[in-house]
Amino acid sequence: MYLAIKGLYWSKGGTLKKILWCDDDSIKPYFIAAGENLTYTNLRRQISDSLEDKPFPPLSKELQKHTYFEFGSIEDHFKYRQAVMEAYPCGHYPVFEGYDHMQYQIRDPKGFAEMLAHIAKRDCMPELPFIRK
């Protein structure tokens with residue numbers, strides 16, 4: 001994994017389609033920067049943290065009511081949505097249909113920022129054509 005991510009940096013994004021799920025050129029700069037900043041130590045720590053089988057941290061019902069857990073419909077992480085919903089039954093769980101968890105914010109940073117501002121101001125998701133509940 002370390003060499004794959006570093007390879008994205010070394011190839012200036014040329015290996016993106018071969019290594020990752022997406023060949024979207026607009027995300028190349030983000031992966032190139034990640035590869036440039038990656039060290040073996042921080043990758044090992046991140047993998048170690050993500051492989052631990054720990055319960056979700058407790059969140060009060062009031063905090064859950066104001067928390068949005070976004071999932072992209074085209075990614076492996078979507079399978080964990082049900083587990084998160086069971087852990088935090090009062091939360092909100094919009095699905096970004098046709099996206100992975102990063103594509104909307106990378107492809108349309110202004111729209112993503114406006115969505116976050118809408119949530120912060122009104123405590124609800126804006127009406128977006130690709131959101132399903």
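Values below: all heavy atoms of this structure, side chains included; hydrogens, waters and symmetry mates excluded. In this text the structure is predicted, and so the values were computed from the model without any measurement.
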**Asked** Heavy atoms, side chains only, cut-off 4.5 Å: are Gln103 and Ile74 in contact?
**Response** yes
**Message:** Tell me the closest heavy-atom pair linking Pro89 and Gln64, and the distance in Å.
**Reply:** N-OE1, 3.2 Å
**Asked** Do side-chain atoms of Thr67 reach the backbone of Gly91 as a donor and acceptor pair under 3.5 angstrom?
**Response** no
**Message:** As a quick check of understanding, evaluate side chain to side chain contact (heavy atoms under 4.5 Å, CB included) for Glu97 and Ile131, giving each step before the final call.
**Reply:** CA-CA 6 Å; Glu97 193 64 50; Ile131 299 289; over 6 Å; no
**Asked** So, do Tyr88 and Tyr93 have ring centers that fall under 6.0 Å from each other?
**Response** no
**Message:** Taking ring pair (Phe, Tyr, Trp, His ring centres under 6.0 Å) as the definition, give me every residue that meets it alongside Phe78, ordered by chain and number, with sequence neighbours left out.
**Reply:** none
**Message:** Which heavy atom of Phe56 sits nearest to which heavy atom of Ala87, and what is that distance?
**Reply:** CD1-CB, 3.3 Å
**Asked** Sub-3.5 Å donor-acceptor pair from the side chain of Tyr104 to the main-chain atoms of Pro109, do we have one?
**Response** no
**Request:** For Gly98 and Ser73, work out which heavy atoms get closest and say how close.
**Result:** N-OG, 2.8 Å
**Asked** Shared ILVMFWY cluster between Phe112 and Tyr99, side chains joined below 4.5 angstrom?
**Response** yes
**Prompt:** For the hydrophobic clusters of this structure (ILVMFWY residues joined by side-chain heavy atoms under 4.5 Å, transitively), does one cluster hold both Leu116 and Tyr68?
**Reply:** yes
**Item:** By ring pair (Phe, Tyr, Trp, His ring centres under 6.0 Å) - contacts of Tyr80 (at least two apart)
**Value:** none
**Message:** Checking Glu114 now: which residues fulfil side chain to side chain contact (heavy atoms under 4.5 Å, CB included) with it, not counting sequence neighbours?
**Reply:** Lys110
**Request:** Indicate if Met85 and Val95 have the same hydrophobic cluster label, given that clusters are the connected sets of ILVMFWY residues with side-chain heavy-atom separations under 4.5 angstrom.
**Result:** yes
**Request:** Would you please name every residue forming a side chain to side chain contact (heavy atoms under 4.5 Å, CB included) with Pro126, sequence neighbours left out?
**Result:** Met115, His118, Ile119, Leu128
**Request:** Quick one: list whatever passes side chain to side chain contact (heavy atoms under 4.5 Å, CB included) with Glu62, sequence neighbours left out.
**Result:** Ser60, Lys65, His66
**Asked** Taking only residues two or more places apart in sequence, or in another chain, which ones meet Phe71 in a ring pair (Phe, Tyr, Trp, His ring centres under 6.0 Å)?
**Response** none
